[in-house]
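The block underneath contains the structure these notes are about, expressed in structure tokens.
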2 protein chains.
Amino acid sequence: MATRTDAPTRREQILKEAARLFAERGFHGVGVDEIGAAVGISGPGLYRHFAGKDAMLAELLVGISESLLTGAKRRLTEADGARGTAPEAVLDSLIEGHIDFALDDRPLITLHDRELDRLRDADRKLVRQLQRQYVELWVAVVRRLYPDLAEPAARSAVHSVFGLLNSTPHLTRPGSLPDRAGTAELLHRMARGAFAAAADS
Amino acid sequence: MATRTDAPTRREQILKEAARLFAERGFHGVGVDEIGAAVGISGPGLYRHFAGKDAMLAELLVGISESLLTGAKRRLTEADGARGTAPEAVLDSLIEGHIDFALDDRPLITLHDRELDRLRDADRKLVRQLQRQYVELWVAVVRRLYPDLAEPAARSAVHSVFGLLNSTPHLTRPGSLPDRAGTAELLHRMARGAFAAAADS
DNA sequence: CAGGGAGGTTAGCGGTCGTTAACCTGAAGG
DNA sequence: CCTTCAGGTTAACGACCGCTAACCTCCCTG
């Protein structure tokens with residue numbers, strides 16, 4: 001199997017650069033020639049690897065959604081494996097996973113809630129379904145920790161915390177490069193504080 | 001002067017529909033013919049009111065930024081007029097203003113952090129400057145309330161809370177139409193909780 | 001009642017974009 | 001050594017898009 005240290009395949013290069021460009025200038029704002037140039041080939045050469053520009057976006061968005069969901073499921077089952085894991089610890093694990101993703105793959109996080117409507121119907125439905133599962137998983141964990149929080153409010157709170165955590169692309173604009181660990185910890189504390197405040201009717 | 005109950009002028013109609021369409025499908029994803037059709041005229045008729053598609057986006061983004069900033073300044077001076085206003089009350093007022101904006105003008109909030117890079121250099125610089133002033137105003141208020149919070153952390157916290165408050169476009173997707181007051185209050189509590197947690201080193 | 005401007009219309013130009021077609025090349029394999 | 005094929009190339013097509021040109025109507029006003 002492919003290990004992390006393997007040279008990235010051409011497809012992976014293309015996807016990475018396409019994600020960056022789409023995040024920077026929007027799906028319609030990027031031409032295939034630019035994507036090709038970003039990986040050292042030119043325009044139509046991309047069609048040896050993808051059926052079209054739409055297919056690149058679809059693969060990116062489906063990949064993000066699947067990755068987020070499977071990561072969250074894994075963290076949840078790990079916690080349930082050690083039975084009696086405190087609900088706080090489970091929520092902390094979810095938050096940590098989401099922050100890691102937001103900090104390490106900013107372009108993908110940006111695309112995730114920005115270009116969904118550019119997908120073909122089938123792909124969009126798939127992504128929406130994955131996203132919904134991810135949200136509901138969070139909602140369940142949050143309500144286990146705060147049983148008095150009504151479900152609609154919990155769902156709104158989860159969406160809002162996603163907004164908070166996904167704000168990372170706006171943070172490092174001037175390149176001040178704040179240490180990753182500090183940023184992660186700040187975001188984590190704020191997310192917990194926001195949930196606690198939401199539950200504190 | 002024009003009162004709120006006047007019939008909206010054609011320019012205003014166009015701006016409103018353009019904002020909605022840009023938010024839905026992205027600046028490059030909307031054609032001038034669609035914008036025209038949305039207000040009952042067709043395509044090139046728009047050029048009697050705007051110099052071009054770029055000009056519409058510029059006016060929208062500059063308008064948003066100015067509106068946010070002047071609203072915040074007004075709230076701040078009102079609070080300072082009543083000398084000795086508690087820092088909590090000032091922050092509450094800022095939060096309330098931002099929430100009102102996010103709930104009442106969702107398309108604009110969406111555009112605000114999504115299409116900035118599509119502007120001409122001069123306009124983009126202007127918008128960036130207005131945004132920066134708005135952020136710094138919040139930072140000052142937050143630090144008055146939480147003096148132990150270092151400035152970079154406060155700035156990050158403000159950006160993150162904006163992310164939280166601006167998540168409203170994601171909330172009402174299925175049209176469940178949750179009552180506005182309840183949503184506003186939930187968001188308000190979460191924002192305060194997030195700030196408190198950020199300051200709680 | 002002339003006329004002029006505000007605010008439309010349709011036709012069409014020039015440029016860009018996604019995609020396809022046709023061709024090339026170097027390396028692997030029998 | 002010939003073949004094959006993955007992975008490129010350039011040329012070009014058709015569609016679309018922003019914008020301009022030219023023209024048409026009301027409606028207001030002197």
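A note on names: the letters A, B, ... follow the listed sequences, proteins ahead of strands, and every chain is numbered from 1.
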Legend entry - Protein-nucleotide distance (L46(A), atom CG; dG8(D), atom C1'), rounded to Å: 11 Å
Inset, instruction - Take atom OH of Y47(A) and atom C1' of dT9(D), then tell me their distance rounded to the nearest Å. - result: 16 Å
Inset, instruction - Using side-chain contact (heavy atoms from CB on, under 4.5 Å) as the criterion, point out the one residue from V158(B), V141(B), D200(B) that pairs with F195(B). - result: V158(B)
Inset, instruction - Name the closest nucleotide to the R48(B) side chain, picking from dT20(C), dT9(D), dG7(C). - result: dG7(C)
Legend entry - Below 4.0 Å: OP1/OP2 of dA6(D) and any side-chain N or O of R10(A): no
Inset, instruction - Working to the nearest 0.5 Å, report the span between CG of D104(A) and CZ of R180(A). - result: 4.5 Å
Inset, instruction - Specify the separation, in whole Å, of atom CD1 of I35(A) and atom P of dC17(C). - result: 11 Å
Legend entry - I41(A) CD1 to dA6(D) P, straight-line distance once rounded to whole Å: 16 Å
Legend entry - Gap between atoms NE2 and P, on H28(B) and dC16(D) respectively (whole Å): 19 Å
Legend entry - Heavy-atom donor-acceptor pair, D105(B) side chain to L108(B) backbone, under 3.5 Å: no
Inset, instruction - Mind checking G52(B) for me? I need base, sugar-phosphate or nothing, with any heavy atom below 4.0 Å counting as a touch. - result: sugar-phosphate
Legend entry - Distance, rounded to the nearest Å, where F50(A) contributes CZ and dG8(D) contributes P: 12 Å
Legend entry - d(CG, D33(B); P, dG12(C)) in whole Å: 16 Å
Legend entry - Whichever of P44(A) and H49(A) has its nearest DNA chain D nucleotide further upstream toward 5': H49(A)
